[in-house]
There are 2 protein chains.
Amino acid sequence: MHKATKKKVTIKDVARATDVHVSTVSRALSPNGRASLSAEVVTKIRAAADEMGYRPNRVAAGLRTSRTMSVGIVIPDITNTLFPPIVRGVESVLEGAGYASILVNTDNDAEREARLFDVLMERGVDGIIDAAVTNSDDKIVNMAASVPIVTANRLVEGSGIPAVINDDANGVRMMVQRLYDAGHRNIGLLAGPALLSTSIARRQAFEAAMHPLGLPANADVVAVSDNYTEDEGSRCAEYLLDKQPEVTALLCSNDRLAIGAIDALQGRGLSCPADVSITGFNDIPFLDLIPPGLTTVQILQFDLGRIAAEILLKRMTEPDARVPETTIMPVSIIERGSIAPPRNGRASTQS
Amino acid sequence: MHKATKKKVTIKDVARATDVHVSTVSRALSPNGRASLSAEVVTKIRAAADEMGYRPNRVAAGLRTSRTMSVGIVIPDITNTLFPPIVRGVESVLEGAGYASILVNTDNDAEREARLFDVLMERGVDGIIDAAVTNSDDKIVNMAASVPIVTANRLVEGSGIPAVINDDANGVRMMVQRLYDAGHRNIGLLAGPALLSTSIARRQAFEAAMHPLGLPANADVVAVSDNYTEDEGSRCAEYLLDKQPEVTALLCSNDRLAIGAIDALQGRGLSCPADVSITGFNDIPFLDLIPPGLTTVQILQFDLGRIAAEILLKRMTEPDARVPETTIMPVSIIERGSIAPPRNGRASTQS
DNA sequence: AGTTTTTATGCAAACGTTTGCCTTAAACCT
DNA sequence: AGGTTTAAGGCAAACGTTTGCATAAAAACT
């Protein structure tokens, strides 16, 4: 029975009440049961602690043990619906293991990110899940020397930092095939920001998938966005549609670009998929409700976070354990209504 | 210039390097400039600390001062798009003031919520923003005695806990008027879960708005959901449509219920707004993209969080300062396409 | 010049734990 | 019965800060 206690009761109070030394209380309350305490004194202490409403002070414990039982979760922006499920996945593992999460948003600002790392380090987090890294990120590589880090959804190339990412290559390949099968021969790519690993991987995958089909995938059919936003999707779609009017399909590096592209289409009186087919990546929440229903590559957001957290947990609890450097999560195609045969009924050929 | 340091450098190291006492270092580095230090020693120490890559250990400081410079943010579910903007609003204030945020999801589970409160207290948070409270919540009232709390979006009735909420009454009133003006005389309410303050306020507002118009607002035209989810919206819409076939409009207690209601409509071959007008509440992100475009009550999510944080900050820094017990944020109607005149062209009269 | 005030810094305790080591007493030997 | 092991729990230091108080030196009085 916890009494509603206003003033904090410490281990010392419990010791006094049970007439033992504080160290005995500490051991009695410690989960890793110290063998050398008699069962009766343990139960007596536990009962008293409970009765008195004792709550351990993890700040003090953290100072002594330098383990705060907290982790940092670094994401670009919590309002981007891609990330909350990942965060929940992370927490599903870490919360059960007793960790609390400090969540920070970088807004894709490197300077901000660096500052936030300091914030996390000053708080002595035991580990970090980072879903906001850029493809080459000095700061995080430095940090990785002093605290376990796992990146989620993105990776830092050649850093050796464990990463859990998606099978971008396969997702893009399958999607290109879908478009090809529908008859498209002029496919454009709305690529993501140049410095993100997802953008890079998907662009490479695009080229790798187009080539065997004898389709061009050079810079002419690619528009590189500055940001994974709807606005950038619109801008890039406009750009590409102007530059390459014969394009009949746009493969977008993520859903938000795709949404923006659809909007741009409508802006010039065209429609998706009648005039231009458009595909996305991620299958973010609510996407199914937005017309015309984007055909997209579904990633396992929650599981991605979950597995990243499992790896981090392993690194935190067994520092010497070997963990996979890169874990690739499977993806699948979700067919909705944004792919149709090319306009004017024929599969146009390029050049 | 921060050297890339692997091992933690403490105040003691800086003291040794600069040949002063640790207390002097502490004072030199403290932001509230201790007047009684000579400018030169301060700069010397600051320079050395910088050079050595000193990072304060907030865990240790927290133990000493019992101020951890961290706050808890309690929400039902981060994947519910209502909450991320609120969280960003909170952080926009707190981050600037040096606070880090521990974010927890209650999943609307009271037991879970209680456990998470303990998690936060054990970590010694300096304050809590709670957007997940139920209308009567013993636990939080207890907690409020030992740590500053501000509730956001919801309130705990009669608790005296400062709350920042929306002008539910006005939002519902305006919306009822819109429906009335469109010709609706049989308006149903999809109410939110009974134990949430928002549900209660909106239901009361519904009754208060309907009465002067001479329209019925009793239990017959109300369906109470168990949860603010799309599924519950569907279920309640089905229920109400069966029970009150003459209903031509459904005012929903939030957007998610409304989305579910629209889905239910389509399930039975009806459409919104042609057959039934539907309205929402909150104007959550992406709502504008979902057909037919829900006419809804827009709340200021970000500002709600921002102001809640400002109040919390005040309570944390000046414990005796008086803060407003209830702050009501203005709302506005966003007109989209989900209201039309009642079906069959006439404004049907009830009973 | 002697006294008082001010300025600049050092001293040491305290915050609440955890944990390696030590002590006591009981239990076990032969 | 004397010696040795084992069990149970106490002791005290340590984690890295902050801060009230003390002190020494310098500055300002009269």
Side-chain angles (χ1 to χ4, degrees), chain A residues 5 7-46 48-49 52-70 98 121-126 146, chain B residues 5 7-46 48-49 52-70 98 121-126 146:
Chain A
T5 349
K7 289 302 112 202
K8 298 271 187 189
V9 23
T10 76
I11 221 174
K12 204 179 289 182
D13 300 318
V14 178
R16 198 173 304 123
T18 54
D19 209 45
V20 297
H21 195 259
V22 291
S23 64
T24 308
V25 176
S26 174
R27 288 193 249 260
L29 263 29
S30 165
N32 48 30
R34 292 289 296 181
S36 74
L37 284 200
S38 72
E40 56 180 340
V41 65
V42 167
T43 47
K44 178 180 70 171
I45 291 173
R46 291 241 170 99
M52 303 171 70
Y54 170 75
R55 293 273 124 218
N57 179 332
R58 293 206 191 263
V59 177
L63 176 59
R64 171 63 225 244
T65 63
S66 60
R67 305 196 65 221
T68 58
M69 296 308 282
S70 61
M121 292 307 280
E122 289 176 3
R123 261 98 184 158
V125 292
D126 297 335
S146 23
Chain B
T5 348
K7 288 303 111 203
K8 297 271 187 188
V9 22
T10 75
I11 221 173
K12 203 178 290 182
D13 300 318
V14 178
R16 198 172 305 122
T18 54
D19 208 46
V20 298
H21 195 261
V22 291
S23 63
T24 307
V25 176
S26 174
R27 289 193 250 259
L29 264 28
S30 165
N32 47 31
R34 293 290 294 182
S36 75
L37 283 201
S38 70
E40 56 180 338
V41 66
V42 167
T43 46
K44 178 180 70 173
I45 292 173
R46 290 241 170 99
M52 303 171 71
Y54 169 75
R55 291 275 125 216
N57 180 333
R58 292 206 192 262
V59 177
L63 176 59
R64 171 62 226 245
T65 63
S66 61
R67 306 198 64 222
T68 58
M69 296 308 283
S70 61
M121 292 307 280
E122 289 177 2
R123 261 98 184 159
V125 292
D126 297 336
S146 24

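Given the structure is predicted, the values throughout are model-derived calculations rather than measurements. Just so it is clear: chains get the letters A, B, ... in the order the sequence lines come, proteins before strands, and each one is counted from 1.
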Scan nucleotides 23-26 of chain D against the protein and return all N/O pairs shorter than 3.5 Å with their distances rounded to 0.1 Å.
none

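- Not one N or O on the side chain of B:R27 forms a donor-acceptor pair closer than 3.5 Å with the backbone of B:V42.
- We find that CG of A:L37 is positioned 19 Å from P of C:dT24, with the value rounded to whole Å.
- Contact check, A:S36 against D:dT6: no side-chain N or O comes under 4.0 Å of OP1 or OP2.
- Here the side chain of B:T68 pairs a donor or acceptor atom with the backbone of B:G124 at under 3.5 angstrom.
- For A:R55 (side chain) and A:K8 (main-chain N/O), no donor-acceptor pair under 3.5 Å exists by modelled atom type.
- Every residue two or more places apart in sequence or in another chain that forms a salt bridge (charged side-chain N to carboxylate O under 4.0 Å, His left out) with A:D13 is listed here: A:R16.
- A:A15 meets the side-chain contact (heavy atoms from CB on, under 4.5 Å) test with A:V22, A:V25; sequence neighbours excluded.
- Taking A:S26 as the reference, A:I11 meet the side-chain contact (heavy atoms from CB on, under 4.5 Å) condition, with sequence neighbours excluded.
- Scored by the side chain to side chain donor-acceptor pair (under 3.5 Å) test, B:T24 finds no partners at all (sequence neighbours excluded).
- The CG-C1' distance, from A:L29 to C:dT19, rounds to 15 Å in whole Å.
- Between B:S23 and C:dG10 there is no side-chain N or O to OP1 or OP2 distance below 4.0 Å.
- In the set C:dG20, D:dA12, D:dA8, the nucleotide with an atom closest to the side chain of A:H21 is D:dA12.
- Going from atom CZ of A:R27 over to atom C1' of C:dC21 covers 10 Å, rounded to whole Å.
- Take B:A60 and apply the side-chain contact (heavy atoms from CB on, under 4.5 Å) test, not counting sequence neighbours, and it matches A:L63, B:N57.
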Write out a two-atom table: protein N or O, nucleotide N or O from nucleotides 15-17 of chain D, distance below 3.5 Å.
residue : atom : partner : partner atom : Å
D:dC15  : O2   : A:R64   : N            : 3.2
D:dG16  : N2   : B:A60   : O            : 3.2
D:dT17  : OP1  : B:Y54   : OH           : 2.8
D:dT17  : OP1  : B:N57   : N            : 3.4
D:dT17  : OP2  : B:I11   : N            : 2.8
D:dT17  : O5'  : B:Y54   : OH           : 3.2

